[in-house]
Visitor: 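Handing you a structure now.
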Amino acid sequence: MEYVIVGLLVLAIILLLINLLRKNNNTDVVDRLSSLELSMVKEIGEFKVNFASDIRKDFDTLDEKVDRKLTEINNRVTERLDQSLEKTNKTFANVLERLSKIDEAQKKIDGLGEDIISLQSILTDKKTRGIFGEVNLQFILENAFGGLNTGIYDLQHKMSNGYIADAILYAPAPLGTIAIDSKFPLENYERMTNKSLSKEERLVAEKQFKIDFKKHIDAIASKYIIPGETSNEAILFLPAEAIFAEVNAYHTDILNYAYSRKVWITSPTTLMSTLTVIEMILKNMERDKYAKIIHEELNKLSVEFARYRERWERLARNINTVSKSVEELNTTSDKITKRFDSINRVEVEKLKNEEQDLLVHE
């Protein structure tokens with residue numbers, strides 16, 4: 001654009017000069033300027049055409065670049081939208097999956113509620129409560145000691161007086177053989193802890209609960225503590241932690257009565273702890289049984305180690321002797337090598353000097 005303006009200015013100056021020269025009747029100069037004017041007009045016309053063509057090409061190139069950029073931007077936006085849509089779909093799928101899991105968990109909770117109701121209905125029967133306590137006791141013993149083949153305990157053991165204990169534990173001295181029997185006093189416990197009943201009804205249930213519990217203690221003491229056959233104590237197993245906690249927290253008279261009859265009240269947790277202690281005692285006894293054998297073997301090993309040390313010291317002395325001999329051989333070998341080198345180089349004078357040095361050193 002600047003070139004066009006300059007050309008037009010030049011053309012205007014030429015036209016002005018032509019008019020001035022025409023007024024002065026300078027024909028020759030006017031003709032030359034006219035020719036120059038025509039040439040300028042032609043060049044300016046060509047320049048305009050070329051300039052228009054270049055402008056058109058530049059605009060075409062710019063249009064192509066703009067179209068390309070717009071296409072790239074469109075592709076990127078489309079790609080981002082696809083990625084966002086994919087993430088949204090995944091998030092939505094995860095939400096649906098979690099909602100389905102929540103529905104499954106809710107169904108399981110509903111089923112668990114039904115199982116609890118059915119369990120409560122089962123535990124209302126004394127016989128099923130007894131079976132529940134026996135199974136729970138067996139599970140604890142198996143977890144503590146393993147199967148019956150260990151010989152540490154026995155299930156449904158018949159005593160010499162004809163009574164059958166739920167389990168018998170062959171504990172080490174001074175404990176000895178201990179009978180374990182499961183008891184589950186549930187009815188009056190539920191009544192005395194039921195807040196919907198009146199205070200008088202709950203007090204009556206509490207008194208009956210204590211009577212029932214003491215009857216269980218008396219039964220275990222009379223049936224499963226047999227002089228000469230068992231230790232002077234037995235274990236009453238309560239398969240319900242809640243009843244055990246109730247007795248220990250609010251009924252110390254029951255605990256004192258049990259202590260007086262040498263009957264120890266346990267729950268699943270406390271029984272497991274007691275059995276774990278007994279298991280450790282049994283392992284220590286087994287370890288002590290083999291302590292003498294281990295001591296003898298250690299003494300034998302000590303003798304062998306002393307023999308090994310003596311032989312090692314002898315070998316070390318031999319190695320030192322051999323090492324010294326090797327050093328001496330290396331010295332002699334170096335001297336012989338140097339003599340051979342001197343002979344090969346026919347260095348007689350040096351050889352004589354080395355012989356004298358050798359005689360001096362020897």
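Because the structure is predicted, anything quoted here is derived from the model rather than measured.
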Visitor: Between Tyr153 and Gly146 (side chain of the first, backbone of the second, donor and acceptor by atom type, cut-off under 3.5 Å), is there such a pair?
Guide: yes
Visitor: Provide the closest heavy-atom pair for Ile220 versus Ala234 in the form atom of the first, atom of the second, distance.
Guide: CG2-CB, 3.7 Å
Visitor: When you measure from the side chain of Ser231 to the backbone N and O of Thr177, does any donor-acceptor pair fall under 3.5 Å?
Guide: yes
Visitor: So, Glu229 side chain and Ile226 main chain: donor-acceptor pair closer than 3.5 Å or not?
Guide: no
Visitor: Report whether Leu148 and Leu169 are members of the same hydrophobic cluster (ILVMFWY, side-chain heavy atoms less than 4.5 Å apart, transitive linking).
Guide: yes
Visitor: Side chains of Glu241 and Thr269: any donor to acceptor distance under 3.5 Å?
Guide: yes
Visitor: Dump the intermediate steps for side-chain contact (heavy atoms from CB on, under 4.5 Å) on His251 and Asp253, then the final yes or no.
Guide: CA-CA 5 Å; His251 305 284; Asp253 55 332; 3.7 Å; yes
Visitor: Begin with the C-alpha distance, continue with both residues' side-chain angles, and end with the deciding distance and a verdict on side-chain contact (heavy atoms from CB on, under 4.5 Å) for Phe237 and Lys183.
Guide: CA-CA 6 Å; Phe237 173 63; Lys183 300 296 181 183; over 6 Å; no
Visitor: Checking side-chain polar atoms at under 3.5 Å, does Ser267 have a donor or acceptor matched by the opposite partner on Thr270?
Guide: yes
Visitor: Knowing that exactly one of Asn143, Leu141, Ile235 qualifies, which makes a side chain to side chain contact (heavy atoms under 4.5 Å, CB included) with Leu275?
Guide: Leu141
Visitor: Would you please say whether a donor-acceptor pair under 3.5 Å links the side chains of Glu134 and Gln138?
Guide: no
Visitor: May I have the step-by-step check of side-chain contact (heavy atoms from CB on, under 4.5 Å) for Asp181 and Leu236, ending in yes or no?
Guide: CA-CA 5 Å; Asp181 201 63; Leu236 187 154; over 6 Å; no
Visitor: Taking a hydrophobic cluster as the set of Ile, Leu, Val, Met, Phe, Trp and Tyr residues connected by side-chain heavy atoms closer than 4.5 Å, whether directly or through intermediates, do Met192 and Tyr250 fall within one such cluster?
Guide: no
Visitor: Show the nearest heavy-atom pair for residues Ile265 and Ala258, with the distance to one decimal.
Guide: CD1-CB, 3.9 Å
Visitor: How close do Ala221 and Val263 get, counting heavy atoms only, and between which atoms?
Guide: CB-CG2, 4.0 Å
Visitor: Same hydrophobic cluster for Ile164 and Phe132, using side-chain heavy-atom links shorter than 4.5 Å among ILVMFWY?
Guide: no
Visitor: Using every non-hydrogen atom in the two residues, find where Asn188 and Gln208 come nearest and quote the distance to one decimal.
Guide: ND2-CG, 3.2 Å
Visitor: Once rounded to the nearest 0.5 Å, what's the spacing between atom CG of Leu271 and atom CG of Leu137?
Guide: 6.5 Å
Visitor: What I want to find out is whether Asp212 reaches Lys210 closely enough, with some N-O distance under 4.0 Å, to be called a salt bridge.
Guide: no
Visitor: Provide the closest heavy-atom pair for Thr230 versus Met159 in the form atom of the first, atom of the second, distance.
Guide: CG2-CE, 3.4 Å
Visitor: Say you draw a straight line from CD1 of Ile278 to OG of Ser273; how long is it, rounded to the nearest 0.5 Å?
Guide: 11.0 Å
Visitor: Please answer: with hydrophobic residues joined when any side-chain heavy atoms are less than 4.5 Å apart, are Ile254 and Tyr259 in the same cluster?
Guide: yes
Visitor: Between Asp166 and Ser182 (side chain of the first, backbone of the second, donor and acceptor by atom type, cut-off under 3.5 Å), is there such a pair?
Guide: yes
Visitor: Check whether Asn136 reaches the backbone of Pro268 with its side chain - one donor and one acceptor, N or O, closer than 3.5 Å.
Guide: no
Visitor: Between the side chains of Asp218 and Tyr257, does any donor sit under 3.5 Å from an acceptor?
Guide: yes
Visitor: About how many Å separate NE2 of His157 and CD1 of Ile180, when rounded to the nearest 0.5 Å?
Guide: 12.0 Å
Visitor: Give the minimum heavy-atom separation between Pro239 and Phe184, together with the two atoms involved.
Guide: CG-CD1, 3.6 Å
Visitor: CG/Asn194 to CZ/Arg202 distance, rounded to the nearest 0.5 angstrom?
Guide: 8.0 Å
Visitor: Calculate, to the nearest 0.5 Å, the distance between atoms CZ and CD belonging to Phe213 and Glu246 respectively.
Guide: 10.5 Å
Visitor: Say whether Phe209 and Leu197 are linked into one hydrophobic cluster, either directly or through other cluster members, by side-chain heavy-atom distances under 4.5 angstrom.
Guide: no
Visitor: Checking side-chain contact (heavy atoms from CB on, under 4.5 Å) for the pair Leu238/Thr266: CA distance, chi angles, key distance, verdict?
Guide: CA-CA 6 Å; Leu238 277 174; Thr266 62; over 6 Å; no
Visitor: Just verifying a value: how many Å separate Leu255 CG and Trp264 CH2, rounded to the nearest 0.5 Å?
Guide: 11.0 Å
